[in-house]
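Below you'll find the structure, written out as structure tokens, and then a few comments.
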2 protein chains.
Amino acid sequence: MNKIDLVGMVAGICTTISFLPQVVKIVRTKHTRDISLPMYVIFSLGVFMWACYGFMTNSLPIILANTVTLALAFYILSAKVKYK
Amino acid sequence: MNKIDLVGMVAGICTTISFLPQVVKIVRTKHTRDISLPMYVIFSLGVFMWACYGFMTNSLPIILANTVTLALAFYILSAKVKYK
């Protein structure tokens, strides 16, 4: 793996796993008041489309990263609706 | 522009502008209690590395999308530290 691929891989891992601490915080506190509902609606839609883009271009890294991110973002979105 | 490029472009616009409603919410309420600090530390680092990846691969769309996202994410991160 060259240096450029490595930077892209670390970038993808960071932006994907970054949503995990937010999920853990919501599971613990059940508080979502300060989280923006429109943010997670638009973000989830965008990540879903990134996953579609991954399927259309046969890019396994894009599919994997965005499927994981979508699961985490969708949990935050549903928690925001539930605990509003 | 073909269908695949269009899906990627819409995906990129969605995931980039999605952070704007969160910024507006914080500007209005000055409340960040329910937002995860580690999420925005890891996310900002990841977006910064995506921007580097864009520079390394000479990809203007990746540079533009991630520079805007970084500005929005960095505002949320600094507000989280300020209004903790």
Side-chain angles (χ1 to χ4, degrees), chain A residues 2-59 62 65-66 69-70 72-73 76-77 79-80 83, chain B residues 2-59 62 65-66 69-70 72-73 76-77 79-80 83:
Chain A
N2 66 28
K3 208 167 76 175
I4 295 174
D5 286 348
L6 185 69
V7 170
M9 205 185 69
V10 174
I13 290 172
C14 283
T15 49
T16 298
I17 64 159
S18 62
F19 291 88
L20 198 58
Q22 182 68 72
V23 168
V24 171
K25 189 178 175 82
I26 294 172
V27 169
R28 280 191 188 148
T29 65
K30 302 201 190 319
H31 288 161
T32 60
R33 185 197 60 179
D34 304 333
I35 292 172
S36 165
L37 179 64
M39 167 180 161
Y40 280 94
V41 170
I42 302 167
F43 186 78
S44 298
L45 179 69
V47 172
F48 173 74
M49 292 196 72
W50 272 129
C52 292
Y53 181 83
F55 279 107
M56 290 162 99
T57 57
N58 287 314
S59 168
I62 294 182
N66 286 285
T69 308
L70 187 59
L72 296 171
I76 297 167
L77 178 58
K80 174 66 188 176
Y83 302 130
Chain B
N2 66 27
K3 208 166 76 174
I4 294 174
D5 286 347
L6 186 68
V7 169
M9 206 184 69
V10 175
I13 291 172
C14 283
T15 49
T16 298
I17 64 159
S18 64
F19 291 88
L20 198 57
Q22 182 69 71
V23 167
V24 172
K25 190 178 175 82
I26 293 171
V27 169
R28 282 191 186 148
T29 65
K30 302 202 189 318
H31 288 162
T32 60
R33 184 198 59 181
D34 304 332
I35 291 171
S36 164
L37 179 64
M39 168 181 160
Y40 280 94
V41 170
I42 302 168
F43 187 78
S44 298
L45 179 69
V47 173
F48 174 75
M49 292 196 74
W50 273 128
C52 292
Y53 180 83
F55 280 107
M56 290 163 99
T57 57
N58 287 313
S59 168
I62 293 182
N66 285 287
T69 307
L70 187 60
L72 297 170
I76 298 167
L77 178 59
K80 174 67 187 174
Y83 302 129

For Thr15(A), which residues count as a side-chain contact (heavy atoms from CB on, under 4.5 Å) partner, sequence neighbours excluded?
Phe43(B), Val47(B), Trp50(B)
Option that, when pairs with chain B are counted at under 4.5 Å, heavy atom only, ranks first among Ser44(A), Gly12(A), Ala51(A):
Gly12(A)
Part of Thr32(A) within contact of chain B (heavy atom distance under 4.5 Å):
backbone
Around Phe55(B), counting heavy atoms of other residues, nucleotides and ligands shown, do more than 12 lie under 6.0 Å from its CZ?
no
What part of Lys80(A) lies closer than 4.5 angstrom to a heavy atom of chain B: side chain, backbone, both or neither?
side chain
Tyr40(A) portion near chain B, given a 4.5 angstrom heavy-atom threshold
side chain
If I compare all heavy atoms of Pro21(B) with all of Ile42(A), which pair ends up nearest, and what's the gap?
CG-CD1, 4.2 Å
Reference residue Tyr53(B); test side chain to side chain contact (heavy atoms under 4.5 Å, CB included); the match among Ile4(A), Leu6(A), Val10(A)
Ile4(A)
Exam field: side chain Gln22(B) to backbone Pro38(A), donor-acceptor pair closer than 3.5 Å
no
Nearest 0.5 Å, what's the CE-CD1 distance between Met39(B) and Ile35(A)?
8.0 Å
